[in-house]
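Residue numbers begin at 1 in each chain, while the letters A, B, ... track the order of the sequences.
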2 protein chains.
Amino acid sequence: MARSPTTSDVFNAVAELQRRRILELLVDGEKSVNQIAEVLAFRQPQTSKHLNVLKEVGLVTVRSDAQQRLYRLNPEGIKQIYDWSKTFERHWNESLDRLEAYLEELQQQVQRKDNHEQP
Amino acid sequence: MARSPTTSDVFNAVAELQRRRILELLVDGEKSVNQIAEVLAFRQPQTSKHLNVLKEVGLVTVRSDAQQRLYRLNPEGIKQIYDWSKTFERHWNESLDRLEAYLEELQQQVQRKDNHEQP
DNA sequence: GACATATATTCTTATATAGGAATACACTAG
DNA sequence: CTAGTGTATTCCTATATAAGAATATATGTC
């Protein structure tokens, strides 16, 4: 089986850095394809393709103004990612966890050294 | 250019649903490869491969206990995703934005209808 | 209608999976 | 050392990009 399509969900869509950059840019408000392409130094067809992926997963919406297509951020999609990541929040907030992990790391390092020096 | 490797960053690593499921499972604490494989109904080699991807991007750590490899969640990696998505937080909190988007959507639908019925 | 501007689509290519199958490797018990 | 348990690795295949190049489509202007 191959990797899931980029349009299968928001996680796959934002895996691509260039698409995350587009979303970050759209925070300032709606922009045309050429505006996006210019700011991010993309070619126009690539920009259209990325925008189409973002549109398919609902991360942006489009409206037409003459020949232009004005793309706007739809933050609801990003909220899905936020909600998922937030379920792990208490784990990085617990400093005790961090300390445990650190000690564990040290133990492993010592163990590895022992294994190498006395095989 | 092909898609970025799954190991290039946390965003690419968690794009795969099965890897997100592994992370969710590890919230309960460290688990061995076979334990993970059993709970999620994966085959062992697939489990090892997914865990390796998660390890490479720093989303999990491993320690050895006899033949077993005990994988533990490293929440710092998920925090990267949380932090990124959180920068959009105010947008989905602004109900005004939502209203505007909704109106825009309606306008588009009306426009499309007009275009179809009077071409 | 002819031409310009803005955007989308098609085609091609190099690359990277994800899962299955088979096998190799690591460590333990006796 | 031999068998058993747990895990990692290799090989294979079908699939899916992402970017470049070329082209098609849509809309506005004159």
Side-chain angles (χ1 to χ4, degrees), chain A residues 1-9 11-22 30-57 60-72 108 111-112 114-116 118-119, chain B residues 1-9 11-22 30-57 60-72 108 111-112 114-116 118-119:
Chain A
M1 198 184 293
R3 226 195 294 199
S4 294
T6 56
T7 52
S8 51
D9 56 44
F11 289 95
N12 279 283
V14 306
E16 177 67 326
L17 172 61
Q18 312 308 352
R19 284 193 285 266
R20 289 202 300 282
R21 295 181 63 200
I22 290 177
E30 66 179 9
K31 291 198 168 28
S32 73
V33 176
N34 272 344
Q35 283 178 322
I36 296 170
E38 189 183 6
V39 174
L40 299 181
F42 297 162
R43 296 176 196 272
Q44 177 269 313
Q46 276 50 286
T47 310
S48 282
K49 290 175 196 168
H50 281 316
L51 285 167
N52 192 51
V53 171
L54 294 174
K55 187 180 56 165
E56 287 213 18
V57 298
V60 299
T61 56
V62 210
R63 74 182 179 90
S64 292
D65 177 20
Q67 310 106 310
Q68 295 189 114
R69 297 293 176 276
L70 298 175
Y71 284 84
R72 173 188 289 265
Q108 274 186 63
Q111 223 171 316
R112 278 191 224 107
D114 285 351
N115 289 344
H116 283 181
Q118 308 165 6
Chain B
M1 199 185 293
R3 228 199 289 203
S4 295
T6 57
T7 52
S8 52
D9 57 43
F11 290 95
N12 281 282
V14 306
E16 179 64 287
L17 172 60
Q18 314 307 350
R19 284 193 285 268
R20 289 202 300 281
R21 295 181 63 202
I22 290 177
E30 66 179 11
K31 291 197 167 28
S32 72
V33 177
N34 273 343
Q35 284 180 321
I36 296 169
E38 189 182 6
V39 174
L40 299 181
F42 297 162
R43 296 175 195 273
Q44 177 269 314
Q46 274 52 283
T47 311
S48 282
K49 289 175 195 168
H50 280 316
L51 285 167
N52 191 51
V53 171
L54 294 174
K55 187 179 57 163
E56 286 212 19
V57 298
V60 298
T61 56
V62 210
R63 76 181 177 90
S64 293
D65 177 21
Q67 310 105 308
Q68 296 190 112
R69 297 294 176 276
L70 298 175
Y71 284 84
R72 173 189 288 266
Q108 274 185 61
Q111 223 172 317
R112 278 191 224 108
D114 286 350
N115 288 344
H116 283 180
Q118 309 166 8

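Atom P of nucleotide C/dT7 and atom CD1 of A/Ile36 are separated by 9 Å, given to the nearest angstrom. Atom CZ of A/Arg69 and atom C1' of C/dA8 are 9 Å apart (whole Å). Residue B/Leu51 contributes atom CG, which lies 13 Å from atom C1' of D/dG6 at whole-angstrom precision. Spacing between atom CG of A/Asp65 and atom P of D/dA26 amounts to 18 Å, rounded to whole angstrom units. Atom-to-atom, CD of A/Glu56 to P of D/dA16 comes out at 13 Å; the value is rounded to the nearest Å. As rounded to whole Å, 13 Å separates atom P of D/dT7 from atom CD1 of B/Ile22. Here the C1' atom of nucleotide D/dA18 and the CZ atom of A/Arg21 are 15 Å apart, to the nearest Å. When rounded to the nearest whole Å, the span between CD of A/Gln67 and P of D/dT29 equals 8 Å.
If you check every strand for non-hydrogen atoms under 4.0 Å, A/Thr47 touches nothing.
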- Base versus backbone protein contacts along nucleotides 15-23 of chain C [heavy-atom cut-off under 4.0 Å; B, S, -]: BSBBBBBB-

Show me the side-chain donor-acceptor pairs of residues 33-46 of chain B shorter than 3.5 Å, one per line, residues at least two apart or across chains.
| residue | atom | partner | partner atom | Å |
| --- | --- | --- | --- | --- |
| B/Gln35 | OE1 | B/Ser32 | N | 2.9 |
| B/Gln44 | NE2 | B/Ser48 | OG | 3.1 |
| B/Gln46 | OE1 | B/Lys49 | NZ | 3.3 |

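Between A/Tyr71 and C/dA6 there is no side-chain N or O to OP1 or OP2 distance below 4.0 Å. Between A/Ser32 and the phosphate of C/dT7, there is a side-chain N or O to OP1/OP2 separation shorter than 4.0 Å. Remark: A/Asn34 is not in phosphate contact with C/dT5, judged by side-chain N or O atoms under 4.0 Å from OP1 or OP2.
Side chain of B/Arg19 to backbone of B/Val14: no donor-acceptor contact under 3.5 angstrom is found. Checked by atom type and distance alone, the side chain of A/Asn12 pairs as donor or acceptor with a backbone atom of B/Ala15 at under 3.5 Å.
A distance of 10.5 Å separates NZ of A/Lys31 from CZ of A/Arg72, quoted to the nearest 0.5 Å.
In this structure, A/Glu16 and A/Val53 have side chains that are not in contact, with every pair of non-hydrogen atoms separated by 4.5 Å or more.
Within the helix from C/dG1-D/dC30 to C/dG30-D/dC1, the inter-axis angle between the opening and closing five-pair segments is 20°, rounded to 10°.
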